[in-house]
Amino acid sequence: MRTHLTALLLFLSVSLWAQGQDIESRYNQIDQAIAESPRYVAQREAKITSARHAFEQTTGRQKYEEAYRLYELYRPFVSDSAIWFIRECITLAEQLGDLSAAVRCRSQLAIRCTNIGMYDEALNILDSIRLPDPIEQNALGMYYEAYNNVYSELSYYTRLEDMQKSYLDKAYHYERLMYEKLPPTYEACLLKREQRAQGERDLKTSMAINNEWLKTVEPGSHPYAMVALYRYIEYKLRGDSVQMMYWLTESVLADIRNAAMDQGSMWELANELMLKGDIERASHYISYTSDCANRFGSRQRNWQIAPLLSQIAKNYKAQSEDTTHQLWVTLAAISILALLLLVALFLVHRRNKQIAMARNALKTSNDELASANSLLATQKDELSQLNSQLSTLNSQLSESNRVKEEYIGRFMSLCAQYIDKLDNYRKMVNKKMKNKELEDLFRMSKSTELKEKELEELYENFDTVFLHLFPNFIDDFNALLQPEMQIHPKENRLTTDIRIFALIRLGFEDSSKIAEFLHYSVNTIYNYRARIKNGALGNREQFETRVKML
């Protein structure tokens, strides 16, 4: 049972990691597409230039078809130009006597006005249409589609409940008429059917409609972006975050690569990223889609983008202020640390002087004992033994003094280096704050790389000095252990196990002090000490005492 649970947890961890890598890859594709957007725009402009040339060179029915082609090219690109060419199509259709085509074009003009927020203009255009008799079913269906479109938008944006109900009734009325006149696979029919199924939470039906719609479009095309956007909504309603982000990014990529300036999916993506806390990327994407909306000329899209832009700016400011606060706190902490280092240096220096005085006093005492030994021959053995003990103590004190002098020298060097690093860091932070490079500072403050690098340098210095003072410590230490417990580190470096007992050799017996120096928990240090002592030769309780004598 435990094995199965471990395997399941491992599988879930790998799956989550893979999903994270995949969505990051999708974001990288979007960033690359945005970087290449001038090329996609140039490609569409080249098509427009070619179509304009053909429009100017033709007459009659062909001129109408070229005008309609230019309208289709401009429709997701520049709204004013699209409106100009669809109006040109109306004039040409009337000149040709094709009244059904004129109705289709007027309906398209009304839809364009609705999509950029010109609702009164759209209703005036539709109310001015006089339906010819006979009329093509397709033209009549587009006429009903245009009415449904404007009343649906009015019902969504009005804040008056009675007006909303009136608009909805009219929208449903024209929607039913549209279904009667247009084929089931027509884009507007599929879109309305899917929206209605989603609104009724009939997700099985809405997904079936989306699957049917997906078969009618070419992958990567501009219509494909619309289908992918509604597929994102399908998976969002289901709570499938992986699939929903995949299809949302599919829609975004299709819009960018087709140079579509009227983008709904990029706005959705920026909103999703903001909700997840990725403010920097959300700001980048909403700025891009805002530029596109301005180029397209849609005040409705700008209405949608403005609140999100404001929220992102607010969050970005809050994040920037938090980062600045963290930097000041870090600088204060570093300053306090530098002060503590100076105080520690002073205390160590004073302690060294006391040890020197004690050594001189012991030396004087030893001389006096030697003189007494020559006078008291009967106490020669006792005095000789005492002299030997005092010599040993003096030797130990000399060794202690040598160790401390070595460490003090290295400590003073490190303090000087840290002060230089602190000053350089202060200059770098000051420069970046002056240049308003807060994003770099934020990334630096989040990273633990500096701490890890400094710790590694500290341990390396400690190892170098310790092995310089006790060059045979590793061999002598291993001699106290059973063969299978012996430790053979790399040349001139200590392992964590040996470093702990090296500190014990230097007089650090308290696990909390060792843990503080090595940046481990006290419990971890205790476990290391216990494990090594369990592998000792002889009495394990005397192991640390023997280590201190190495």
Side-chain angles (χ1 to χ4, degrees), residues 334 337-359 392-425 449-481 486-520 522 524-525 528-529 532 543-550:
I334 292 173
L337 177 61
L339 181 62
L340 291 175
L341 288 173
L342 291 174
V343 172
L345 179 62
F346 170 75
L347 293 175
V348 170
H349 179 68
R350 188 173 69 174
R351 181 63 176 171
N352 185 55
K353 290 177 65 177
Q354 292 174 347
I355 292 173
M357 292 176 62
R359 184 183 64 181
T392 301
L393 179 59
N394 188 46
S395 176
Q396 290 175 347
L397 287 172
S398 297
E399 180 185 1
S400 176
N401 187 52
R402 181 173 63 89
V403 170
K404 284 179 170 54
E405 287 177 352
E406 183 73 20
Y407 272 99
I408 287 170
R410 183 59 64 96
F411 183 77
M412 292 178 67
S413 175
L414 285 175
C415 285
Q417 292 176 20
Y418 278 133
I419 290 170
D420 290 340
K421 289 180 180 179
L422 288 170
D423 189 56
N424 290 334
Y425 191 78
E449 181 181 355
L450 179 62
K451 176 184 175 183
E452 293 169 355
K453 180 179 178 182
E454 294 299 326
L455 283 176
E456 180 61 24
E457 184 177 347
L458 174 63
Y459 295 154
E460 184 176 354
N461 275 303
F462 175 80
D463 295 349
T464 301
V465 174
F466 185 82
L467 290 175
H468 174 70
L469 293 170
F470 304 97
N472 299 321
F473 180 81
I474 296 175
D475 293 336
D476 295 342
F477 180 75
N478 281 327
L480 301 177
L481 297 173
Q486 291 181 1
I487 304 169
H488 300 283
K490 296 180 180 178
E491 186 176 358
N492 295 326
R493 291 307 302 269
L494 303 178
T495 64
T496 301
D497 310 69
I498 299 180
R499 199 174 285 129
I500 290 171
F501 284 90
L503 288 168
I504 292 173
R505 171 63 182 85
L506 293 175
F508 292 84
E509 297 183 13
D510 190 351
S511 291
S512 62
K513 294 293 184 181
I514 297 173
E516 182 180 0
F517 178 77
L518 297 180
H519 289 76
Y520 287 107
V522 175
T524 300
I525 299 300
Y528 270 114
R529 294 173 73 169
I532 294 298
F543 177 76
E544 292 187 0
T545 302
R546 287 184 285 166
V547 169
K548 295 175 187 177
M549 299 171 64
L550 295 179

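Remark: D463 pairs with R493, L494, R499 by the side chain to side chain contact (heavy atoms under 4.5 Å, CB included) rule, at least two apart or across chains. For T524, the side chain to side chain contact (heavy atoms under 4.5 Å, CB included) test picks out Y520, S521, Y528, with sequence neighbours left out. Residues satisfying the side chain to side chain contact (heavy atoms under 4.5 Å, CB included) test with L347, not counting sequence neighbours, are V343, R350. Here F508 pairs with nothing under the ring-ring contact (aromatic ring centres under 6.0 Å, His included) rule; sequence neighbours left out. Taking E509 as the reference, K548 meet the salt bridge (Lys or Arg N to Asp or Glu O under 4.0 Å) condition, with sequence neighbours excluded. For S512, the side chain to side chain donor-acceptor pair (under 3.5 Å) partners two or more places apart in sequence, or in a different chain, are D510. Partners of Q486 under the side chain to side chain contact (heavy atoms under 4.5 Å, CB included) rule, at least two apart in sequence or in another chain, are N478, L481, H488. Residues forming a ring-ring contact (aromatic ring centres under 6.0 Å, His included) with F473 (at least two apart in sequence, or on another chain): F466, F477. Remark: K513 pairs with no residue by the salt bridge (Lys or Arg N to Asp or Glu O under 4.0 Å) rule, at least two apart or across chains.
The structure places CG of D476 at 12.0 Å from CE of M549, a figure rounded to the nearest 0.5 Å. In this structure, F517 CZ and L455 CG are separated by 9.5 Å, a value rounded to the nearest 0.5 Å. Atom CD1 of I487 is separated from atom CD1 of I532 by 4.0 Å, given to the nearest 0.5 angstrom. Considering CG of L480 and CZ of R546, their distance stands at 5.5 Å, rounded to 0.5 Å. The distance from the CZ atom of F462 to the CG atom of L467 is 9.0 Å, given to the nearest 0.5 Å. Rounding to the nearest 0.5 Å gives a distance of 11.0 Å between CG of L503 and OG of S511.
Side chains of L458 and E454 form no contact here, defined as non-hydrogen atoms less than 4.5 Å apart.
When the options T495, D497, T496 are evaluated for a side-chain contact (heavy atoms from CB on, under 4.5 Å) with P489, the one that passes is T495.
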Output, in order, the C-alpha distance, side-chain angles, deciding distance and verdict of side chain to side chain contact (heavy atoms under 4.5 Å, CB included) for F543 and R529. CA-CA 10 Å; F543 177 76; R529 294 173 73 169; over 6 Å; no
